[in-house]
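Note on naming: letters A, B, ... go to the chains in the order of the sequence lines (proteins, then strands), and numbering restarts at 1 for each one. All values derive from a computational prediction rather than experimental measurement.
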4 protein chains.
Amino acid sequence: VISAGIVGATGYVGSELIRLLVNHNGVKISALQSSSSEGEKIEKIYGNLKGIVPLKCSSIDEVIDSSEVVFLSLPSGMSEDIAQKCLEKGILCIDMGGDFRLKDEEDYKTWYGNSFQNKELHEKAVYGLPELNRDSIKNACMIANPGCYPTSIELGLMPALKHKLIDLYGIICDSKSGTTGAGKSPTASTHFPECNESLSPYKAGTHRHTPEIEQVLGSIAGEKMKVTFVPHLLPINRGILSTVYCSMKSGLKGPEIYEVYKEFYKDEPFVRVLEYGQYACIKNVKYSNYCDISLHPDERTGKLIIVSAIDNMVKGAAGQAIQNMNIALGLREQGGLYMVPPAN
Amino acid sequence: VISAGIVGATGYVGSELIRLLVNHNGVKISALQSSSSEGEKIEKIYGNLKGIVPLKCSSIDEVIDSSEVVFLSLPSGMSEDIAQKCLEKGILCIDMGGDFRLKDEEDYKTWYGNSFQNKELHEKAVYGLPELNRDSIKNACMIANPGCYPTSIELGLMPALKHKLIDLYGIICDSKSGTTGAGKSPTASTHFPECNESLSPYKAGTHRHTPEIEQVLGSIAGEKMKVTFVPHLLPINRGILSTVYCSMKSGLKGPEIYEVYKEFYKDEPFVRVLEYGQYACIKNVKYSNYCDISLHPDERTGKLIIVSAIDNMVKGAAGQAIQNMNIALGLREQGGLYMVPPAN
Amino acid sequence: VISAGIVGATGYVGSELIRLLVNHNGVKISALQSSSSEGEKIEKIYGNLKGIVPLKCSSIDEVIDSSEVVFLSLPSGMSEDIAQKCLEKGILCIDMGGDFRLKDEEDYKTWYGNSFQNKELHEKAVYGLPELNRDSIKNACMIANPGCYPTSIELGLMPALKHKLIDLYGIICDSKSGTTGAGKSPTASTHFPECNESLSPYKAGTHRHTPEIEQVLGSIAGEKMKVTFVPHLLPINRGILSTVYCSMKSGLKGPEIYEVYKEFYKDEPFVRVLEYGQYACIKNVKYSNYCDISLHPDERTGKLIIVSAIDNMVKGAAGQAIQNMNIALGLREQGGLYMVPPAN
Amino acid sequence: VISAGIVGATGYVGSELIRLLVNHNGVKISALQSSSSEGEKIEKIYGNLKGIVPLKCSSIDEVIDSSEVVFLSLPSGMSEDIAQKCLEKGILCIDMGGDFRLKDEEDYKTWYGNSFQNKELHEKAVYGLPELNRDSIKNACMIANPGCYPTSIELGLMPALKHKLIDLYGIICDSKSGTTGAGKSPTASTHFPECNESLSPYKAGTHRHTPEIEQVLGSIAGEKMKVTFVPHLLPINRGILSTVYCSMKSGLKGPEIYEVYKEFYKDEPFVRVLEYGQYACIKNVKYSNYCDISLHPDERTGKLIIVSAIDNMVKGAAGQAIQNMNIALGLREQGGLYMVPPAN
């Protein structure tokens, strides 16, 4: 049984890691760190965990000393030092934030405003999208867990890019996310009466997930790419639905595209390509690690519409991190991730 | 005081017409027709109207005999005969559905599956988007009230097309609508546990509002146009937010575009162009006749992102119909439409 | 035209007063005060008001100097001094908070932890429930606007107490409120992901509205009374539904009780007693000043179940305050309050 | 590995049984019956099950022939014959509906309008509330799974009744349920725009769960009892919160009551008595088999307020049925029920 620790355990991503790890029979939670709640019982902070997780929040050192894998769930720019310590001790480190996702330091400076302190660490970091990088993840000691929006968009576009079904220019990614993506701290935009019964885009063309999406799509396509990415805040708890618009190579028909996707993902345990004619929706993936993808070619305008749905907290965060851990540690890839999405 | 009647008064659009007309001091409701509820008090069907509207549902003839303006809120394909009767009697007729919106009979056949029975009537029908057609509406006897999605998209794109700020090709319209747009009849997709906490696109590239959008945008641009239009069902009661993506003419900057829009709509009572940097959202227009528009040029990718928000039941249906009635009958254009959107 | 000013205009109650006063044709808003936003345009803070209310936030003195009626919407304990100034200048003062609702200083000390500073002021203050105190309100210079929960409960019980249909002991008030009742400041309990898809009681038996309810019910009954009051936080924006349980005097039948209620409220413009067999619900009163009441005698157990629904921001706050203003200033009681509740 | 079959598998309770049984490692699903969808793949009906449950809907006979335990999830009055067949074949039968819950045929006639056809079967049926009847369930061949509302109320009152902490008269049960409790068929009251942003009581004092609650409480108290029970429809998917009001025996203090409850449930795997001062809420039990109970004595009025929260689809239906199955078949009681409630 593997010992897993969480640094930054009291945020929503941390609490979701706990929810999933409790039911992973190859893993036990060794320690939980929280800078704001050191010494407090986790069940005091998360009433849902009452009677289930008898741990108190402890320190970073206690997490590192007691764990074989450490998940870092921290504000931007705070993971490098802890990651370095993990690696020195031979502990697998999985970073949930954006510190290690971008390979190009210039991009990192532009979008995050910081430089890399420890470049070697960034070189070691593997981008943890199993459907793209499973082999590298197997040997990784440092994993950058993908962003939630990028996960939905990259899985949606990967087969089309690999099989050159679409143009690389002018791709539009219109994404909609539930409010857990905004984190646990109350803010004006997630205050119930402000957010409920509304919908709003935010950071149109300027969200930090943009360079991550472009880096990964570009590496798949073998060519630099740009995308227009607009996220929206949905008045629901969980889930991301991305509607992606791109130009089909001429002559392609819907059923052919469908066959490419079906074949591409046929062995993937967590990607479901829907029957031709059906629509991916958030409901069918909630609380699970699935990514549902549906395809809608608009032959009238030559656009291929790809719809991709995930639970932002699971495949978009904690679930994918556990999937990465399983792969890196040689456990069964689905371990801890057998949750069936509830019908509602 | 003008006498107004409603045919199809017990649907959601009918009930919203009632809500607004009650507070229009130049109009009184003369009669309400409902084929399913003839003889019943409207307040039995709509508890919100208790003590406010003492009318019973009556017949089409009673509506026509007692009204100077008639609103038709009927299933597709059922308005022609009643409209004809209204016109013969010199009654202003405003059709809330899609029967008179398309000018090209071929389009109508393709998307609605029917032919025009009474072509003269279709020629008389004016497309009731006041910001585009105010002068024609003044003299109209037959008004085709625009669809909800088209209203949001057309208002969003009109200044850019008139001022040739954008390319006519490759426009993407990603729209999200509340559930009242689906009408009053319970269905599987609007059953609370199916719809709540989810999001799903539907009719991607195949929604009947597509040819309406293309007809209007094309007439503004002076050239045939195609758009890719994907609607989504939001788990909220009211509101449409359309995120429209198009390619900016090169060299244009955000502030210039903003000035064009501000100038274009400066005398419009119901279109609000938001300050540069703000985002249109559904919350700020709910229960009112406003259309809020915000502009987000993505200079990195050359795309102009236009966000347009309306209340689908007001500016997207009943409110716009009353605005049209006011214009056609020479009443003050804002009559009955002074509602301030509530903060939440 | 009366000049109305608001002190504390940027809270939710303040913004709702603005929404309603804009449509009151006997009143104009003279000035808006906000300590946190002095000098800022109100439409910057409330995007819904864009283009509608061209005012900037100003000071308390400016409000007092320019107004014939002043609404105070302030945190607990801050109204006395400003109210005193208003009265000295002959300005009608309506306090939206709890500072003047309790007549018994001991109660005030027990539940609010403060003493009365200016006892004369408290003696002058009239409890602004028009259905109970219309005559005193007519001559009032200082009005304590009732709490939201108390309004729903007092209107629900008033006829039964006046007509001695029920026992005074053991009354249970189970109330459920939307989140706007918790105000504009983001908190953990109104953070969207915490509040959505949940329900929780709070302050069971200890909410400050308890002594207010008891004072008013006791004054109606002519005898001291106690009630058990438990509020719950509903994941909706607006509305309060109170389910009140009391013991019927023996021998009473449902239809008799219904007749008493119908007669009692027959001339009230804002109380609607539903037909026997129907259920009051929040939907039918949202965004309006109505209070809907339904009656459900459970003859098997001898309990009378009274259900009372209001919009907490309208009849539970801003609407009732305007109703009080209208009465006190001799305006038509419904002025500014003709809003028809939308069907959804 | 036990073979489990479901009759009526395409309703919400059926689909929730599937979700939970898939993760029960001592059980496999043998067959699913649906009269409306015979021959169809279950994943066509429930998109959430895509790729997880490869079964087609079959017939009642196929379910009976292939199963060691059969769950009946049928409309009222349809379970007797199938239950009889199960018993004849020695198959454990668990009825999810109300057909076998009431022991007194007169009650059944009064509230359900039917007679018992097969009285012997009713005598054999054990009421499946494990915390009350674990020993009888161990030997049961026929289990009546409790109603959702009764489960929450009975667990909330059981310790108080067993330990005689409260009066038996005048108990008020004010319950609030999510919409999945109303089932899968679209209706006017669960149509999204009707139900969302509202709250309404229904069947006040007349709901069929009333005699069930009274039967169970009476058997615990050793005396006939009546309760006033009012359910409300909440605009959420899942969960029941019951707020129960009763009169405390004089002299009792909160902490004592808390100790009784804590002791009473200390070995129960699925009942969590919250720390004194905390409030039970739906959020903390969603998607899990827990029942959270909090206690709030109102010493001022002598009332004990008990708050009880469950997920209506899990502890209120499918989860409790699996718990019963585990007990009756000698499996580990928590089998298939380890789900951790998500934080949101």
Looking only at B/Q278, B/K286, B/R238, most heavy-atom pairs under 4.5 Å shared with chain C are made by B/R238
Take C/E131 and C/F264 through the test side-chain contact (heavy atoms from CB on, under 4.5 Å) and record every step on the way to the result. CA-CA 10 Å; C/E131 294 77 6; C/F264 190 91; 5.8 Å; no
B/P269, B/G178, B/S15, B/P342: which one forms the most heavy-atom pairs within less than 4.5 Å of chain C? B/P342
What class does the angle between the rings of C/F270 and C/Y290 fall in, given that below 30° is parallel, 30 to 60° is tilted and above 60° is perpendicular? perpendicular
Working note: B/V53 + C/V340, criterion side-chain contact (heavy atoms from CB on, under 4.5 Å); need CA distance, chi angles, decisive distance, verdict. CA-CA 10 Å; B/V53 181; C/V340 179; over 6 Å; no
Examine B/K262 relative to B/Y276 and say whether NZ or CZ is less than 6.0 Å from the centre of the six-membered ring and inside a 45° cone about the ring axis. no
Say whether C/T179 and C/T190, considering side chains only, have a donor N or O and an acceptor N or O under 3.5 Å apart. no
If you tally heavy-atom pairs under 4.5 Å between each of C/M313, C/K283, C/R272, C/E16 and chain B, the highest tally belongs to C/R272
Among the options B/N23, B/V22, B/L20, pick out the one with the most heavy-atom pairs lying under 4.5 Å from chain C. B/N23
What's the verdict on side-chain contact (heavy atoms from CB on, under 4.5 Å) for C/K176 and C/I282, showing C-alpha distance, side-chain angles and the deciding distance? CA-CA 10 Å; C/K176 302 90 176 168; C/I282 284 175; 5.8 Å; no
Among C/N284, C/N48, C/V285, which has the most heavy-atom pairs under 4.5 Å with chain B? C/N48
If you tally heavy-atom pairs under 4.5 Å between each of C/N196, C/L274, C/I52, C/N237 and chain B, the highest tally belongs to C/I52
For C/K315 and C/S152, which I'm curious about, is there any donor-acceptor pair between the side chains at under 3.5 Å? no
Please classify the contact between B/N344 and chain C as side chain, backbone, both or neither, with a heavy-atom cut-off of under 4.5 Å. both
With a 4.5 angstrom heavy-atom cut-off, could you sort out which part of B/V273 is near chain C: side chain, backbone, both or neither? backbone
Determine the option with the most heavy-atom pairs under 4.5 angstrom with chain C, choosing from B/M339, B/K184, B/E197, B/K50. B/K50
So for C/I18, is it side chain, backbone, both, or neither that comes closer than 4.5 Å to the heavy atoms of chain B? neither
Could you walk me through whether C/I6 and C/V13 pass the side-chain contact (heavy atoms from CB on, under 4.5 Å) check? CA-CA 10 Å; C/I6 303 170; C/V13 171; over 6 Å; no
At a heavy-atom separation under 4.5 Å, does C/Y46 approach chain B through its side chain, its backbone, both, or neither? side chain
